[in-house]
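As the structure lists them, so they are numbered: ligands from 1, and atoms in each ligand from 1. Residue indices begin at 1 and follow the sequence shown.
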Amino acid sequence: MSEFQKVNALTGMKDVLPPESAQWEALEAEVRDWLASYGYLNLRTPILEQTRLFSRGIGEVTDIVEKEMYSFVDPLNDERLTMRPEFTAGMVRSTIEHNFLYDRPRRVYAMGPVFRHEKPQRGRYRQFHQIDVEALGFAGPDVDAELIIMLGRLWRRLGLTDIRLELNSLGQADERAAHRTALIAYLEQHVDVLDEEARRRMYANPLRVLDTKNPVMQDMADQAPRLFDFLGEASLAHYRGLCARLDDAGIAYTFNARLVRGLDYYNLTVFEWVTDRLGAQGTVCGGGRYDGLIELLGGKPAPAVGFAIGVERLLDLCAQKDDIIHPVECQLYLIHQGEAGQRTAAQLAESLRDAGWRVLVHAGSSGFKSQFRRADASGAIAAIILGEDELASRCATVKWLRQQASSGQAQQESIPFDRLVTELQSRI
Ligand code: HAM
């Protein structure tokens, strides 16, 4: 026994093994197809970025920046770095850096891991995955609507029901400033029910106080002045424009005046898709418009809107239906005897792969019985046997392992090596 103390994955960070990984791959393939059907192209950014990108972009007084980021000083060059807690800030950084909007607006997406140091529970992890979609350079409510309608289509494609849309508008900076004054005055009157965090945030970021989960503060938050009531005509028109288009598409929504989102960059449209089927972490997707972020991060002003889906939560929902995928390792499993058998198997396997089959050659040398057990466990349709007799006659024995493939055929048959590909192609 080694003295090395075994290593486990970090708390809140999960391995994904087969067969579960097959559900991930199937979802990713479906999502890529769905994104392509709306003209979205892939933009990949690094996981590590400068810390100040996120503190500036997401906002200093947010849960993410205050307490959830994996940040450290790189000892090799003293840079302050952070593992991305979301995609948007990095996508915007990249857009600015490469002058990506110079000739036209862009629709882009990214998928991958993001990191937040939260308390893990079902649907809440420290490394989780997002499907992030951003429409950069688009101002109108038409694109806000397009994004939401697009999500409606994804839920349909995945066969998901029981997922509802909540909408709000956070207006523009001047409207938020007027509301902020009223909100601070209100919070000052209710200081007695505010928890420590709310007291700390009430001047720096009062809107965040309304985002509280603290049950004691719910009544206070419900009665607070609503930002929506401070919206001017242009902001209301944007909101109505969005609603009209959702109505056209038959997408139902609920207005939620308390929906403020956990990141500071939003204006006008914000939305979340929520389900009751996932316990406490029921938000599957969140997003909204962030017309000020590109400029805030040093770019030429340009409007933008986007969303991110939590992949673990989406897969949890998908797993509640019964069409789970059972992955197979291969279609054909090659069994052999002796060194000559193994070498012939390796060569035949290559020509079978040339023909498009997924093939495994038994590794090492074992008895036929244990090779057959492996062949069966691999999910293969057929085992192809290359023993001494087969090598002598240059005819492989094909043993059908699955009922449906062998129906109407012999359980086992002998096929000459040089006809193996064509014979198999005609059978399977
Ligand atoms: P967010 O609401 O912070 O938005 O995250 C989006 C989604 O990620 C959530 O709705 C949830 O499904 C999932 N999620 C968040 N935290 C966790 C966690 N700890 N464990 C598992 N899943 C989680 C954003 O990140 C914005 N960047 C979205 C956006 C894109 N807005 C505009 N463009």
Side-chain angles (χ1 to χ4, degrees), residues 10-14 16 27 40 43 45 49 53-54 57-59 62-65 67-70 83-95 106-136 138 143-144 147-148 150-151 154-155 160 163-166 168 170 208 211 213 259-275 277-294 296-297 303-318:
L10 298 174
T11 306
M13 304 201 180
K14 289 202 308 179
V16 183
L27 178 72
Y40 280 81
L43 192 162
T45 61
E49 296 271 7
L53 171 69
F54 300 115
I58 297 170
T62 55
D63 281 351
I64 297 177
V65 172
K67 50 190 183 201
E68 295 172 359
M69 296 206 302
Y70 282 89
M83 293 170 74
R84 65 179 175 218
E86 61 126 29
F87 278 96
T88 313
M91 306 273 264
V92 167
R93 192 236 353 106
S94 172
T95 299
R106 300 284 194 156
R107 290 176 169 86
V108 289
Y109 77 90
M111 292 192 221
V114 289
F115 303 84
R116 296 184 192 172
H117 196 112
E118 296 192 77
K119 195 156 170 259
Q121 54 171 255
R122 178 181 178 190
R124 198 209 271 156
Y125 310 99
R126 291 181 177 170
Q127 174 177 318
F128 60 100
H129 297 74
Q130 287 187 339
I131 298 159
D132 183 273
V133 175
E134 311 289 357
L136 303 161
F138 298 94
V143 176
D144 307 26
L147 286 172
I148 292 174
M150 179 175 167
L151 284 160
L154 180 63
W155 314 146
L160 301 177
I163 175 161
R164 60 176 191 279
L165 174 62
E166 300 199 347
N168 192 14
L170 301 183
R208 266 295 74 73
D211 205 17
K213 301 249 157 33
L259 180 64
V260 295
R261 309 269 305 123
L263 309 93
D264 277 354
Y265 47 62
Y266 293 107
N267 69 307
L268 294 173
T269 310
V270 285
F271 62 88
E272 285 183 352
W273 289 86
V274 191
T275 177
R277 287 179 166 267
L278 295 178
Q281 304 304 319
T283 308
V284 179
C285 171
R289 184 159 276 289
Y290 50 95
D291 295 332
L293 184 61
I294 299 178
L296 186 76
L297 294 176
V305 54
F307 61 77
I309 302 172
V311 177
E312 284 79 0
R313 295 183 193 178
L314 186 57
L315 282 166
D316 194 350
L317 265 185
C318 291

For ligand 1, the portion of Phe307 having any non-hydrogen atom under 4.0 Å away: backbone
Atoms of ligand 1, numbered as shown, that sit under 4.0 Å from any heavy atom of Cys285: 10 (O)
Glu272 with Arg261: basic N within carboxylate O range, under 4.0 Å: yes
Polar proximity ligand 1 side, Glu312 side, N/O cut 3.5 Å exclusive: no
Distance-only donor-acceptor check, side chains Thr88 and Tyr265, under 3.5 Å: yes
Proximal atoms of ligand 1 relative to Gly287 (non-hydrogen, under 4.0 Å): 31 (N)
Structural part of Glu134 in contact with ligand 1, heavy atom criterion under 4.0 angstrom: side chain
Ligand 1-proximal atoms of Gln130, by part, heavy-atom distance under 4.0 Å: side chain
Residue part near ligand 1, for Leu263, under 4.0 Å between non-hydrogen atoms: side chain
Asp132, portion touching ligand 1 at heavy-atom distance under 4.0 Å: side chain
Location of contacts on Phe115 toward ligand 1, heavy atoms closer than 4.0 Å: neither
Side chain, backbone, both or neither: Arg116 near ligand 1, heavy atoms under 4.0 Å: side chain
